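Below is one structure, written out as structure tokens; comments come after it.
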Amino acid sequence: MPITPNDNKSLSRMDKLRRNLTDVENALDKLSRKEISLVQLKETFTKLDGIEQELKGFSKLGISCVSEQGRFYTIKEKIEHNAKKIIAVFGNTKEYQSYRETTIGKIEPVWWRLDQVIASDQKKKTNHFFLVTTVLLLVGIALYVAYKEFLAPDPTYVAMYEHQTKMNELLDSGLYEEALREAEVCIDLMPDMPELVIAKGALLEEIGDADSSEIYYNIALLRMNAYDFYSERSIFYLRMNNLDKLNQDAEFLIKFYPDMANGYYFQALRFENAGEKSLAIEMYEFAFEKAEANGDFEQAAMIKIRMATLMQQISF
């Protein structure tokens, strides 16, 4: 008979801490689905007290538990964000306060003072509302005049953007022929945008019209450099889950632009979509180094977040 976490008496303190963190995370998932009972919620609060004490204990011992601290911080944020839902499980604020009174000395952690959190947030919102209303009243007319005179968006661009948004929604739903029609409308409205031409080429390729697709790819290549072209096309291959084509473009970028981040980044995304998480992390590391070396700190930060998320998934 396999050993379960509850049966395994040899679990280390760190293992127990991680198990309790997972239990609390699962409980909060139940809360979001409105499936948690009052008994389960009270048990969760008790576990949270234990987790906090254990983390403090590890800290005093000089034991690093950055990942666990990060999970605990995220849990506290979720609890604060769902304060009203939690109190609703108790029935009302009075019932929640009554239960808190039975936990003498435990009013500091956020889960024991959610009524105070709600009251504070409401006060801030009220003050903010009056402040914003006053400011908007003072500058509203001036902004409106300036907008009408100088900043009103090009109606053609607005129309194109609406069709582009619809095209992407259809593309993500796998409705490629319908998405192609929206791409054609976008090109009619703004024929000089190479990204739209690539979109049409990718959609034509996906529905089997490779000859026409090649024509549009060549048109786009006349209007933008190869690095931007293959990067843009990779986005469409990724959205259509065409991992073979994505691999080809990523390899091209790595071969001809080895000091740029996108080739490694798209390769990482391909591996991640294929379930090859270790290879994906390796490529994310390459992409992060290149982005940082090129001073593209925004892309570097995005890559680091994706890499950290994936590493956390592997560790659990």
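Positions are given from 1, in the same order as the sequence printed here. Quantities reported herein were computed from a predicted structural model and do not represent experimental measurements.
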Interatomic distance, CD@Gln248 vs CZ@Phe252, rounded to 0.5 Å, equals 12.0 Å
Full working for side chain to side chain contact (heavy atoms under 4.5 Å, CB included) between Arg239 and Asn168 = CA-CA 9 Å; Arg239 297 182 76 157; Asn168 288 330; 3.3 Å; yes
How many angstroms lie between CD in Glu52 and CZ in Phe72, if you round to the nearest 0.5 Å?
-> 5.0 Å
Lys304 atom NZ, over 12 foreign heavy atoms within 6.0 Å = no
Once you round to the nearest 0.5 Å, how far does OG of Ser212 lie from CG of Leu203?
-> 12.5 Å
No-hydrogen, no-angle side-chain donor-acceptor test under 3.5 Å, Asp23 and Asn26 | no
Distance, nearest 0.5 Å, that separates CD of Glu68 from CD1 of Ile75 = 11.0 Å
What one should report as the nearest heavy-atom pair of Pro194 and Ala220 is O-CB, 4.1 Å
Can you hop from Ile281 to Ile305 via hydrophobic side chains spaced under 4.5 Å?
-> no
Thr22 side chain reached by Arg71 side chain, heavy atoms, under 4.5 Å | yes
Under 3.5 Å, side chain of Asn247 to main-chain N/O of Leu243, donor-acceptor pair present?
-> no
CD on Glu25 to NZ on Lys30, rounded to 0.5 Å = 14.0 Å
Measure the shortest side-chain to side-chain distance between Phe266 and Asp249 over non-hydrogen atoms and say whether it is less than 4.5 angstrom.
-> no
Are Met302 and Tyr265 side-chain neighbours, meaning at least one heavy-atom pair lies under 4.5 Å?
-> yes
Do Asn82 and Leu28 come close enough that some side-chain heavy atom pair is under 4.5 Å?
-> no
Decide side chain to side chain donor-acceptor pair (under 3.5 Å) for Thr46 and Glu43; before the verdict, give the C-alpha distance in whole Å, the side-chain angles of both, and the deciding distance to 0.1 Å.
-> CA-CA 5 Å; Thr46 301; Glu43 289 174 351; over 6 Å; no
N-O pairing of Lys245 and Glu205 below 4.0 Å | yes
Could you walk me through whether Leu61 and Arg13 pass side chain to side chain contact (heavy atoms under 4.5 Å, CB included), step by step?
-> CA-CA 13 Å; Leu61 292 170; Arg13 284 176 62 186; 4.0 Å; yes
How close do Ser234 and Ala250 get, heavy atom to heavy atom, and via which atoms?
-> OG-N, 4.4 Å
On a heavy-atom basis, the closest approach of Pro191 and Arg223 is O-NH1, 2.6 Å
List, by chain and then residue number, the residues other than Leu175 in its hydrophobic cluster (Ile/Leu/Val/Met/Phe/Trp/Tyr, side-chain heavy atoms under 4.5 Å); write none if there are no others.
-> Leu170
Are Leu189 and Val185 side-chain neighbours, meaning at least one heavy-atom pair lies under 4.5 Å?
-> yes
N-O pairing of Glu272 and Arg306 below 4.0 Å = yes
Verify side chain to side chain contact (heavy atoms under 4.5 Å, CB included) between Glu162 and Lys166, making sure each step is shown before the conclusion.
-> CA-CA 6 Å; Glu162 290 176 354; Lys166 189 174 181 181; over 6 Å; no
Examine the side chains of Ser98 and Glu95 and answer whether a donor and an acceptor come within less than 3.5 Å of each other.
-> no
Is the side chain of Asp296 donor-acceptor paired with the backbone N or O of Gln299 at a distance under 3.5 Å, no angle test?
-> yes
Over 12 non-hydrogen atoms of neighbours within 6.0 angstrom of CD in Glu298 = no
Which of these passes side chain to side chain contact (heavy atoms under 4.5 Å, CB included) with Lys200: Val197, Leu196, Ile198, Leu204?
-> Leu204
Answer yes or no: is there a side-chain heavy-atom contact under 4.5 Å between Thr165 and Tyr161?
-> yes
Donor-acceptor contact present, side-chain Gln40 to main-chain Ser37, <3.5 Å = yes
How long is the gap from CD on Glu169 to CD on Glu178, to the nearest 0.5 Å?
-> 13.0 Å
Taking it one step at a time, do Gln164 and Glu182 satisfy side chain to side chain contact (heavy atoms under 4.5 Å, CB included)?
-> CA-CA 7 Å; Gln164 186 184 36; Glu182 292 298 326; over 6 Å; no
Indicate yes or no: at least one non-hydrogen side-chain atom of Met193 is less than 4.5 angstrom from one of Met160.
-> yes
Which atoms form the tightest heavy-atom contact between Asn262 and Ser231, and what is the distance?
-> ND2-OG, 2.9 Å
Kindly indicate whether the side chain of Met260, heavy atoms from C-beta on, has any atom under 4.5 Å from the side chain of Leu253.
-> no
Between Ser12 and Asp15, does any side-chain donor sit less than 3.5 Å from a side-chain acceptor?
-> yes
For Asp228 and Asn225, which heavy atoms make the closest approach, and how far apart are they?
-> N-OD1, 2.7 Å
ILVMFWY cluster, Ile63 and Leu21 together (side-chain gap under 4.5 Å) | yes
Which heavy atom in Met167 sits nearest to a heavy atom in Phe236, and how many Å separate them?
-> CE-CE2, 4.3 Å
Check whether any side-chain N or O of Ser213 sits under 3.5 Å from a backbone N or O of Asp209 as a donor-acceptor pair, and report yes or no.
-> no
Donor-acceptor contact present, side-chain Tyr230 to main-chain Glu251, <3.5 Å | no
Would you please indicate if the ring centroids of Phe288 and Tyr284 are separated by under 6.0 Å?
-> no
Share the residues that join Leu279 in a hydrophobic cluster, the rule being Ile, Leu, Val, Met, Phe, Trp or Tyr side chains under 4.5 Å apart at the heavy-atom level.
-> Ile254, Tyr264, Phe271, Met283, Phe286
Fit a plane to each ring of Phe90 and Tyr99, take the angle between them on a 0 to 90° scale, and name the class: parallel (under 30°), tilted (30 to 60°) or perpendicular (over 60°).
-> tilted
